[in-house]
Amino acid sequence: MIEPRTLKGFRDHLPAQALARERILDVARRVYRSYGFAPIDTPALEYLEILTGKGSEETDKQMYRFTDHGGREVGMRFDLTVPFARFAAQHVHDLGLPFKRYHMATVWRGENTQRGRYREFMQCDFDTIGTTSPVADLEMVLVVHDLLAAIGVGGFTIRLNDRRVLAGVLTRLGLADRGPVVLRSLDKLGKATPQAVAAELAGHGVAPEAVAALLEMAGLAGPVDAVLDRLESLGGAVEAGRQGVQALRDITAGAAAAGVAAGRIAVDPSIARGLDYYTGIVLESFLDDLPALGSICSGGRYDNLAGLYTKQPLPGVGASLGIDRLLAGLEELGRLEMVETPAQVFLVHFEADRRDDYLRIAAALRAAGLAVEFFPEAKRVGQQLKLAAKRGFPAALILGGDEFAAGKAQFKNMRTQESVVIDWHGDLPVLVDAVRSLITALGVG
RNA sequence: GUGGCUAUAGCUCAGUUGGUUAGAGCAUCGGUUUGUGGUACCGAGGGUCGCGGGUUCGAGUCCCGUUAGCCACCCCA
């Protein structure tokens, strides 16, 4: 016997999880489309040279790579941004600018696993390229907001920052050339204590007064306007800093104008984002009830997406929903509805010799847009209902010899165990209409 | 990739200083009930104690390795 098992960091998805996942994907698709983002897809496998060199050495090390049967060096995509850069460089002429796309697909990273961190996971990216308009930045924030609200994740906070604010403060502190190191340390705030981060900064040779200024900046919290005013005085003397603060003012004001509740958005100067290619606004979002999970949706603005593949400058802004991390979080919070069937009606197989009647009824219900499962065996009714209950069916339709004789049917609400008798006189459309309205009344139509 | 913790039935766990045929609850399946599920009663299946090696008269229990999970670093969704 071969032991059935899966690779470290790779998982099976059982119906309850897979249904929850598909539901979120449906919501994401709907929200992205509602802003005009169009779907694209790219291959899972690319030439190695396309994928390497864009990220850090770290990502190169984490990439799954091999030599294919034709002797080509290939790699599996580890995010959706790099393939999109290649895609954009290759197809700009057909796309026209600005171009908005969404891409929901699996990516692979050979790194160590942890809760909400796997080696195979799905990302749901959306980006707008070919425009530097602040409207596109604002739209990114709005999409993230609508997305998390529509998924129903509970309380969440979108944390905003702007790379230029950081740059301004760093320049004023004489640390402009130490950017990456300093930002990486500041990015740990929230996970590590301020003292630990201060010690780390000092270890990098940052002067004590600069450490104090950086920690004050990163620790700023509270009302958006107050934070922005303080940031202005910390880094506004430098042009980049001034621009960054202004951009954040624009976006927070625009979000409010678009109807986003004030508490959903915060300006958090400690948000730096590891990836170096962000140049303007950066964003991370957290579940209020599980901030330790990390960001479930992150993004930002970049100056030039595809510089490696084309001379045409392609600025853009976009974000990515980490659906697997989000699912891990929602499951931990007990906020996932664990239903094991996508169907609405369980049709009990009561009398074996009535098989064709059942098939006719099921077909008519399906034609009316209802999802119906017809049990394949004429087993005991109790057993069939037990299975239906376990699977989470909202309703069961029961027709035995008595019902057929009287031209009736039992519609059973599986949650309350209450039955309604439908009098359909053997007239199929009447039965279909009755079932459909009962399903609608249950709120699962 | 580095370090720490963990690993007994599908799940949650018990298992006395190493000592005979490894237990419980829940879940599953069958029956009480050839027409009605989450309760009750009866019964059944299911474990080479993650895997491999070592110490020992004897290992679920001790040691080493390995695989997987969790946590921290790193990085990130």
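By convention in this document, chain letters (A, B, ...) are assigned in the order of the sequence lines, proteins followed by strands, and residues within each chain are numbered from 1. Predicted model, so just to flag it, every value in this text is computed and none were measured.
B:rA24 is paired with B:rU12 under the Watson-Crick or G-U wobble criterion, all donor-acceptor distances under 3.5 Å. Shown here, B:rC5 forms a base pair with B:rG69; the pair counts as Watson-Crick or G-U wobble because both key distances fall under 3.5 Å. For B:rC41, the paired nucleotide is B:rG31, the pair qualifying as Watson-Crick or G-U wobble because both relevant distances are below 3.5 Å. In this structure, B:rC75 forms no base pair with any nucleotide, since neither Watson-Crick nor G-U wobble geometry is met with both distances under 3.5 Å. Base pairing annotation: B:rC49 forms no Watson-Crick or G-U wobble pair, as no partner gives both donor-acceptor distances under 3.5 Å. In this structure B:rU56 sits in no base pair that meets the Watson-Crick or G-U test at under 3.5 Å.
When each of A:Gly400 and A:Lys379 is assigned the nucleotide of RNA chain B with its nearest heavy atom, A:Lys379 is the one assigned upstream, toward the 5' end. Mapping A:Leu399 and A:Leu7 onto RNA chain B by nearest heavy atom places A:Leu399 closer to the 5' end of the strand.
Comparing B:rA77, B:rC75, B:rU32 by their closest approach to the side chain of A:Tyr118 singles out B:rA77. Considering only the side chain of A:Thr113, B:rC70 comes nearest among B:rA77, B:rG31, B:rC70. Set against B:rC71, B:rA77, B:rG37, the side chain of A:Met414 has B:rG37 as its closest nucleotide. Between B:rA77, B:rG31, B:rC73, one nucleotide has an atom nearer to the side chain of A:Ser295 than all others, and that is B:rA77. Checking B:rA72, B:rG35, B:rG37 against the side-chain heavy atoms of A:Gln417 singles out B:rG37 as nearest. Proximity note for A:Glu111 (side chain, C-beta onward) versus B:rA68, B:rA77, B:rG37: the nearest is B:rA77. Here the side chain of A:Ala389 is nearest to one of B:rC76, B:rG37, B:rA72, namely B:rG37. Side chain of A:Arg380, nearest nucleotide from B:rU34, B:rG69, B:rC76: B:rU34.
Salt-bridge formation is detected for the pair A:Asp289/A:Arg335: a Lys NZ or Arg NE/NH1/NH2 atom is positioned less than 4.0 Å from an Asp or Glu carboxylate oxygen. Under 4.0 Å is where a charged nitrogen must lie from a carboxylate oxygen, and between A:Lys100 and A:Asp127 no such pair does.
Distance check: A:Leu45 CG to A:Arg65 CZ gives 12.5 Å after rounding to the nearest 0.5 Å.
Between the CZ atom of A:Arg117 and the P atom of B:rG69 there is a distance of 13 Å, given to the nearest Å. If you measure from atom CG of A:Leu80 to atom P of B:rA77, you get 11 Å, rounded to the nearest angstrom. One interatomic measurement links the two molecules: CG of A:Leu25 to P of B:rA77, which rounds to 18 Å at whole-angstrom precision. Going from atom CD of A:Glu331 over to atom P of B:rG69 covers 16 Å, rounded to whole Å. Between the P atom of B:rG35 and the CG atom of A:Asp353 lies a distance of 14 Å, rounded to the nearest Å. Rounded to whole Å, the distance from CG on A:Asp79 to P on B:rA77 is 8 Å. Taking atom CG on A:Leu293 and atom C1' on B:rC76, their separation rounds to 12 Å, with Å as the unit. Here B:rA40 presents its C1' atom at 13 Å from NZ of A:Lys386, a figure rounded to the nearest Å.
Here A:Phe350 does not lie in a stacked arrangement on the base of B:rG35, lacking the combination of planes under 30° and ring centres under 5.5 Å apart.
Among the protein residues, A:Gly392 comes within range of no part of the nucleic acid, since none of its heavy atoms lies under 4.0 Å from any strand. Residue contacts for A:Arg11: at a heavy-atom cut-off of 4.0 Å it reaches no nucleic acid atom on any strand shown. As judged by a 4.0 angstrom heavy-atom cut-off over every strand, A:Glu403 is placed among the base-contacting residues. When heavy atoms are screened at a 4.0 angstrom cut-off, A:Met122 is found touching no nucleic acid atom at all. Heavy atoms of A:Ser419 sit nowhere under 4.0 angstrom from any nucleic acid atom. At the heavy-atom level, A:Asn413 lies under 4.0 Å from base atoms of the strands shown. Using a 4.0 Å heavy-atom cutoff across all strands shown, A:Gly294 reaches no nucleic acid atom at all.
Distance check on atom P: B:rG35 versus B:rC42 gives 24 Å, rounded to whole Å. Taking the P atoms as reference points, B:rU67 lies 15 Å from B:rG52, given to the whole Å. Only the C1' atoms considered, B:rA22 is 16 Å distant from B:rG58, to the nearest whole Å. For the C1' atom pair drawn from B:rU8 and B:rA59, the interatomic distance equals 14 Å after rounding to whole Å. Using atom C1' as the reference point in both B:rC71 and B:rU61, the two lie 26 Å apart (nearest Å). Comparing the C1' positions of B:rA7 and B:rG47 gives an interatomic distance of 14 Å, to the nearest angstrom. For the P atoms, the distance from B:rU48 to B:rC11 is 13 Å, rounded to whole Å. Comparing the C1' positions of B:rC41 and B:rG46 gives an interatomic distance of 22 Å, to the nearest angstrom.
With hydrogens and angles left out, the side chain of A:Arg109 and the base of B:rC75 share no donor-acceptor pair within 3.5 Å. Contact annotation: side chain of A:Lys390 to base of B:rG37, donor-acceptor pair absent below 3.5 Å.
The ring-ring contact (aromatic ring centres under 6.0 Å, His included) with A:Phe126 is formed by just one residue from the set A:Phe84, A:Tyr102, A:Phe37, A:Tyr35; it is A:Phe37. Of the residues A:Leu397, A:Leu347, A:Val348, the one that meets the side chain to side chain contact (heavy atoms under 4.5 Å, CB included) test with A:Phe374 is A:Leu347.
Note on A:Lys412: every side-chain N or O is 4.0 Å or more away from OP1 and OP2 of B:rG37. Residue A:Gln114 has no polar side-chain atom (N or O) positioned under 4.0 Å from OP1 or OP2 of B:rA77. Put simply, A:Arg325 has no side-chain N or O that comes within less than 4.0 Å of OP1 or OP2 on B:rC76. Listed pair A:Gln383 / B:rU28 fails the phosphate criterion, with no side-chain N or O lying under 4.0 Å from OP1 or OP2.
Atom CZ of A:Arg355 has 12 or fewer heavy atoms from other residues, nucleotides or ligands within 6.0 Å. In A:Lys386, the NZ atom is not crowded: 12 or fewer heavy atoms of neighbouring residues, nucleotides or ligands sit closer than 6.0 Å. In the displayed structure, A:Phe10 atom CZ is contacted under 6.0 Å by more than 12 heavy atoms of other residues, nucleotides or ligands.
Annotation for A:Leu173 and A:Ala210: closest pair CD1-O, 4.0 Å, computed over non-hydrogen atoms.
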